[in-house]
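Down below is the structure, laid out as structure tokens.
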Amino acid sequence: MQSCMRLGHAILLSSVLVLPSMAMAEEEQKPEVPPVLLKNLRGSKEDYVSRTLKPIRQYGENRTTISKAGVELVESELDAQMRGQFLGQEFRKDLDGDGRISLREMRRAHEKSLRRLKEKGKPERYTKTLAKKLETSMQADKNSDGYVSFDELMAQAKLQLRKSRAQRSRIFDMKDMLELDPNKDDVLSIAELRPLLDKTFARFDTNKNGWIDPDEQKAVREVNKQQRAKTKPRVTRNQLATCELPPASKDALVVVLGSYGGHAISSVSVAGQNKVTHTGTITIEPGEKQIYLVIGARAHMVWDFKGATNRIERIVAFSGLTNGGAGSVGIPADKVTFLASGSCFRHFRNGTSGRARIAKAVVEGALKRNVDAVVGIGEVSNMHLPSGTQANINKPMGPTVETAGGKKFVISKDGVKPLSEVMPKGLEPPTKVDKKTWAELHRFNPGGIVQLDAKNVIGNGEVEKYEVMPQQAGLVQLMQEGAIRRLNDGFYLIEKPIARYPAGLGGAHSVKFLLGKGVPQPPGKPGHSCVVSEENGKPLFDSARRC
């Protein structure tokens with residue numbers, strides 16, 4: 001058996017729950033070798049010099065010098081170019097030429113772009129996609145007058161500026177080169193830079209053959225790696241533009257928390273009935289100083305605050321998902337700020353990762369002060385702040401192994417059992433819920449289902465109680481209501497009308513439904529799940545390939 005098994009995820013849920021790590025504020029150290037001189041250090045000396053000088057020869061005055069004013073001008077020109085492209089694209093929708101785009105004009109443009117979808121005979125997908133595009137486009141209408149004006153588009157354009165990686169890199173390179181200016185007159189010439197290039201190449205070309213050989217390249221990478229760990233990450237003006245934070249008081253502890261999501265399913269949605277909302281507890285530890293907390297998660301989240309919540313000065317939260325939902329419980333509304341989806345930084349699971357360091361730099365740039373702690377976690381169960389420790393959660397005993405065919409088993413003192421059948425200790429299924437469904441719920445969401453009162457949840461959008469909870473939580477709910485039951489072959493028989501299919505039944509969460517005779521087709525979408533009619537035995541929707 002050992003020959004066909006591999007350690008897939010040694011301890012159950014260890015691949016899902018990443019232990020927290022925290023990086024405290026640290027003082028930046030000046031690199032021994034300027035990174036801009038190491039960046040292109042490979043191959044022959046001539047190639048190294050040519051690659052390093054390329055930004056000067058492309059953007060420099062007379063192709064021989066760069067200046068601080070010149071670099072700022074180039075960066076502004078690139079920004080203007082991107083704004084112009086964005087505005088030009090948007091104002092093609094302005095059919096009557098009045099300098100603003102109405103909902104009707106927006107609809108016309110999107111209908112035209114989606115006509116192929118309609119021609120392919122997919123009306124439901126067409127309608128859904130059109131509604132989503134209109135909602136996204138009209139978010140620029142900040143005064144809600146039904147029109148997107150030039151000023152509103154300009155504000156949106158500033159947030160959407162995205163230079164290419166090559167353009168950003170060359171701007172950064174020129175700024176770094178200016179810091180090497182020997183006479184500090186904010187002007188650097190190729191003649192001034194060339195001796196530094198020669199010196200750097202000679203340092204690593206230990207055999208003096210005019211090439212950076214493989215062993216020498218390893219030395220370059222090692223120096224680069226060590227210096228990056230001590231160097232503050234780059235923050236662009238565009239990153240700061242998406243991170244408009246309320247000011248923090250001088251004495252408050254600024255804490256940044258990054259996570260994928262929560263370990264439990266919330267009974268309350270902050271993203272609509274068709275989306276999955278998770279929840280996790282944040283326990284504020286006792287202390288004297290106020291806490292300014294910035295939270296960025298990948299999932300739609302409701303953060304449940306407990307403990308010494310009187311220490312909270314401000315909570316700033318956002319989701320990394322498009323139209324992401326964010327909510328909180330236990331903190332007064334006047335202390336909670338929600339940012340637009342994807343603001344400030346991308347989610348991270350480790351407080352010492354590259355993403356975490358970038359998040360720290362962005363928040364420090366936005367607040368113009370140091371961040372005191374950065375905490376990263378895969379899924380929040382009961383995170384204690386500001387220490388960054390997390391309490392244990394319920395999980396099955398024993399290591400998990402995976403066969404070559406992808407099936408997972410848990411090894412325990414009782415033998416080897418399928419992962420889907422192993423119950424967390426002390427968590428037996430409630431009445432009417434079979435053991436396998438209950439085990440799957442806790443495998444995906446170790447915290448199970450958390451019942452919240454929608455009246456107590458503060459959200460960035462509509463807050464509502466789920467009609468049918470998402471994923472396996474919804475299956476459990478419907479089984480307890482007596483509307484569905486699991487058959488021996490794994491199908492869920494829908495015996496009575498249900499309010500809707502549970503949201504989020506895609507990927508590993510997908511199941512097989514058998515729609516009972518005389519039972520109407522439920523609203524909503526079954527995701528990647530198979531749905532078969534008991535009337536004729538045929539698959540419904542487009543789920544034939546999944547049945």
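What you see is a predicted model, and the numbers here were worked out from it, not measured in a lab.
A salt bridge is defined here as a Lys NZ or Arg NE, NH1 or NH2 lying under 4.0 Å from an Asp or Glu carboxylate O, and K436 with E440 fails to meet this definition. We find that K142 and D145 are not joined by a salt bridge, their nearest charged nitrogen and carboxylate oxygen being 4.0 Å or further apart.
In this structure, E285 and H384 approach most closely via the heavy-atom pair OE2-CB, 3.4 Å. For the pair V254 and V371, the tightest heavy-atom approach, listed with the atom from each and the gap, is O-CG1, 3.7 Å. When every heavy atom of L240 is checked against every heavy atom of A366, the shortest pair comes out as CD2-N, 3.6 Å. A248 approaches L367 most closely through the heavy-atom pair N-CD2, 4.2 Å. Of all the heavy atoms in R357 and T352, the pair that sits closest is CD-O, 4.2 Å. What you find for A483 and I498 is that their closest heavy atoms are CB-CG2, 3.6 Å.
When only modelled atom types and interatomic distance are considered, S249 and E313 share a side-chain donor-acceptor pair under 3.5 Å. Looking only at atom types and distance, the side chain of R314 has a donor-acceptor partner in the side chain of T337 under 3.5 Å away. With hydrogens and angles left out, the side-chain atoms of T437 and D434 include a donor and acceptor closer than 3.5 Å. Side-chain polar atoms of Q472 and H509 form a donor-acceptor pair below 3.5 angstrom. Side-chain N/O atoms of Y466 and T277 include a donor and acceptor closer than 3.5 Å. A donor-acceptor contact under 3.5 angstrom links the side chains of N382 and T283, judged on distance only. No hydrogens or angles considered: nothing links the side chains of S149 and D151 as a donor-acceptor pair under 3.5 Å. Side chains of N274 and R500: a donor on one and an acceptor on the other come within 3.5 Å.
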Mind running side-chain contact (heavy atoms from CB on, under 4.5 Å) on K360 and V256 for me, showing each step along the way? CA-CA 7 Å; K360 177 175 179 287; V256 176; 5.7 Å; no
Test side-chain contact (heavy atoms from CB on, under 4.5 Å) applied to M106 and V148, step by step: CA-CA 9 Å; M106 202 75 78; V148 179; 3.9 Å; yes
For S529 and S510, what are the C-alpha separation, side-chain angles and deciding distance, and is it a side-chain contact (heavy atoms from CB on, under 4.5 Å)? CA-CA 5 Å; S529 296; S510 61; 3.8 Å; yes
Apply side-chain contact (heavy atoms from CB on, under 4.5 Å) to the pair L452 and N456, showing each step before the final yes or no. CA-CA 8 Å; L452 298 173; N456 297 330; over 6 Å; no
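Sparse packing is recorded around CD of E288, with 12 or fewer heavy atoms of other residues, nucleotides or ligands lying under 6.0 Å away. Residue K275 qualifies as open at atom NZ: its count of foreign heavy atoms under 6.0 Å is 12 or below.
The distance from the CD1 atom of I295 to the OG atom of S259 is 8.0 Å, given to the nearest 0.5 Å. The CZ atom of R486 sits 13.0 Å away from the CG atom of L493 when rounded to the nearest 0.5 Å. Here the NZ atom belonging to K512 is positioned 10.5 Å from the CG atom belonging to L514, to the nearest 0.5 angstrom. Rounding to the nearest 0.5 Å gives a distance of 8.5 Å between CZ of R104 and OH of Y147. For the atom pair CZ (F444) and CD (E379), the distance works out to 11.5 Å, reported to the nearest 0.5 Å. Here the CD1 atom belonging to I458 is positioned 8.0 Å from the CD1 atom belonging to I331, to the nearest 0.5 angstrom.
In terms of modelled atom types and a separation under 3.5 Å, the side chain of E495 and the main chain of K517 share no donor-acceptor contact. H347 places no side-chain N or O within 3.5 Å of a backbone atom of Y260 that could act as its donor or acceptor partner. At least one donor-acceptor pair under 3.5 Å links the side chain of K335 to the backbone N or O of I312. Listed for the T309 side chain is no donor-acceptor partner under 3.5 Å among the backbone atoms of K306. In terms of modelled atom types and a separation under 3.5 Å, the side chain of N350 and the main chain of G376 share no donor-acceptor contact. Of the possible donor and acceptor atoms, one in the side chain of N536 sits under 3.5 Å from a partner among the backbone N and O of K538. No donor-acceptor pair under 3.5 Å is formed between the side chain of N445 and the backbone N or O of G448. Judged by distance alone, the side chain of S137 and the main-chain N or O of L134 form no donor-acceptor pair under 3.5 Å. In this structure, Q480 contributes its side chain and V433 its backbone to no donor-acceptor pair below 3.5 Å. A distance-only check finds a donor-acceptor pair linking the side chain of Q477 to the backbone of M469 [under 3.5 Å].
Side-chain contact between V380 and T281 is absent, with no heavy-atom pair separated by less than 4.5 Å. Counting heavy atoms from C-beta outward, V375 and P386 have side chains that stay 4.5 Å or more apart. In this structure, V294 and I315 have side chains that are not in contact, with every pair of non-hydrogen atoms separated by 4.5 Å or more. The side-chain heavy atoms of E152 and N143, taken from C-beta on, include a pair separated by under 4.5 Å. Residues I265 and T279 fail the side-chain proximity criterion, which asks for heavy atoms closer than 4.5 Å. Counting heavy atoms from C-beta on, the side chains of R107 and L130 come closer than 4.5 Å. Within the 4.5 Å cutoff, the side chain of C344 has heavy atoms near those of the L245 side chain. Using a 4.5 Å heavy-atom threshold, the side chains of M383 and I377 count as touching.
Remark: of the listed residues Q451, Q273, K455, Q451 is the sole one forming a side chain to side chain contact (heavy atoms under 4.5 Å, CB included) with K465.
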Result block: side-chain N/O donor-acceptor pairs under 3.5 angstrom for residues 317-328, not counting sequence neighbours:
from, atom 1, to, atom 2, distance (Å)
S319, OG, A299, O, 3.2
S319, OG, L321, N, 3.1
N323, OD1, Q139, NE2, 2.8

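Screening residues 267-311 for ring-ring contact (aromatic ring centres under 6.0 Å, His included) gives no qualifying pairs among residues at least two apart or on separate chains.
Remark: aromatic rings of F513 and Y501 are close, center separation under 6.0 Å.
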